[in-house]
Amino acid sequence: MDLEKLKQQFIEDIAKVQDEHSLADIETKFLGRKGELTEILKSLAGLTLEKKKVMGPKANNLRDWMSEKIADCKFQIADLKWQKIAKSEKQDINTPTLHYPLSTIHYPNGHLHPLSNFIFKIERVFEEMGFEVVDSYDIETDYYNFTALNIPPDHPTRDTQDTFYIKKINQANNKSKSDEFLLKTQTSSMQVRYMKNHEPPIKIIVPGKCFRRDDDATHSPQFHQFEGLVVDKDLTMGHLKETLSLVMRKLLGEETKIRFRSSFFPFVEPGLEVDVTCPFCKGQGCNVCKKTGWIEMLGAGMVHPNVLREGGIDPEIYSGFAFGTGIERLAMMKHKIPNIKLLYENDLRFLNQF
Ligand code: PHE
């Protein structure tokens with residue numbers, strides 16, 4: 001197990017590299033799944049503790065060093081390729097190529113939109129807790145968005161979530177049929193949809209676009225929400241509280257606290273409004289939180305037995321909790337953004353701050 005010899009071999013091999021293919025061969029030879037250094041690293045497990053202490057760091061350092069050399073070499077190859085292309089007049093050298101290290105020709109590096117970034121962050125936080133990320137539909141049926149959630153056609157809650165309806169045209173007489181489809185107003189629409197197709201235990205997080213007739217500094221007709229749904233045996237409000245408390249700490253900062261206030265949503269019982277300590281004044285009271293120290297952040301509650309039943313789940317055996325909130329709202333709190341429209345205007349002076 002001579003690491004020095006292996007290093008020499010690697011240096012000799014990499015000096016002969018001509019193109020990306022021979023470089024890939026070298027990578028496989030030394031660092032691949034059955035590569036020479038990989039085998040050595042695997043065999044460390046069988047050594048005595050003393051030997052492991054000596055060999056372990058050496059072998060790991062060599063692996064890092066080799067990976068670095070291979071990465072350097074990749075760039076050099078890409079560079080040579082680019083120079084060749086640049087010399088041939090037929091090529092449009094202004095076409096950027098992904099193989100070329102952009103930083104060296106001073107293209108400004110772009111980055112994800114702050115909203116996308118925040119959505120990824122939310123997904124990561126929940127995934128770490130064992131949640132599955134599930135996609136939602138933008139166009140939803142009236143049934144899943146409302147009726148299945150204990151909100152029948154004449155329920156007043158529908159007024160607060162007016163949205164865009166899509167009419168189905170009857171081809172025969174060109175007359176519209178009932179408004180069966182709509183642009184979903186809440187990610188809660190995925191609750192029954194998912195329950196119908198999956199057995200408990202269910203532990204999902206659903207980010208998605210929502211649409212409502214709201215339009216002011218903190219509301220936009222199109223926005224994003226995420227929904228959490230957990231269904232299992234013996235779930236209590238304690239599970240809900242601990243889950244949300246952990247998530248809010250991770251998203252808004254370790255010092256964040258949450259509190260529950262009773263509220264009403266037809267699809268949960270009991271229903272809750274969840275407040276977080278104001279991130280601007282850390283709970284001391286300021287203009288943003290109207291001097292209360294708290295900011296309303298999520299709707300939540302224990303899944304209503306009717307909703308479980310609608311999803312084909314026996315409420316005598318299972319219980320569940322659900323929560324949902326606007327992603328823009330969270331991002332605006334986190335980054336102190338005063339107007340929701342700033343998130344959609346694509347003004348680089350705004351976006352470059354993230
Ligand atoms: N869907 C609700 C809303 O848009 C929020 C909510 C989700 C409330 C889950 C309770 C449970 O306001």
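For ligands, and for the atoms within them, numbers begin at 1 and follow the listed sequence.
Without hydrogens or angle criteria, S189 side chain to K184 main chain gives no donor-acceptor distance under 3.5 Å.
Residue contacts with ligand 1: E227 is placed with no nitrogen or oxygen under 3.5 Å of a nitrogen or oxygen of the ligand (distance criterion only). For ligand 1, none of its N or O atoms has an N or O atom of Q161 under 3.5 Å away. At under 3.5 Å, a nitrogen or oxygen of S188, whether backbone or side chain, sits near a nitrogen or oxygen of ligand 1.
You'll find the ring centres of F146 and H155 outside the 6.0 Å limit. Side-chain rings of F323 and F126 approach one another, their centers coming within less than 6.0 Å.
Checking V307, N306, I313 one by one against R309, the side chain to side chain contact (heavy atoms under 4.5 Å, CB included) holds for a single residue, N306.
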task: Apply ring-ring contact (aromatic ring centres under 6.0 Å, His included) to the pair F211 and F223, showing each step before the final yes or no.
output: CA-CA 6 Å; F211 307 83; F223 61 105; 7.9 Å; no
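The shortest contact between atom 8 (C) of ligand 1 and any protein heavy atom is with G299 C, 3.4 Å. Nearest to atom 12 (O) of ligand 1 among the protein's heavy atoms is F265 CE2, 3.8 Å. In this structure, the protein non-hydrogen atom closest to atom 2 (C) of ligand 1 is Q186 OE1, 3.6 Å. Closest to atom 5 (C) of ligand 1 among all protein heavy atoms lies G324 O, 4.0 Å.
Counting heavy atoms closer than 4.0 Å to ligand 1, residue C210 contributes nothing at all. With a 4.0 Å cut-off on non-hydrogen atoms, F267 touches ligand 1 through its side chain and not its backbone.
Judged by the shortest distance from any of its heavy atoms, R212 lies inside the 4.0 Å radius around the atoms of ligand 1.
Using a 4.0 Å cut-off to heavy atoms of Q225, the atoms of ligand 1 that qualify are 3 (C), 4 (O).
At a threshold of 4.0 Å, the pair R261-D275 counts as salt-bridged, since one of the basic side-chain nitrogens sits closer than that to a carboxylate oxygen. K34 has no carboxylate O lying under 4.0 Å from a charged side-chain N of E39, or vice versa, which leaves the two without a salt bridge. Salt-bridge check for D215 with K341: passed, with a basic side-chain N closer than 4.0 Å to an acidic carboxylate O.
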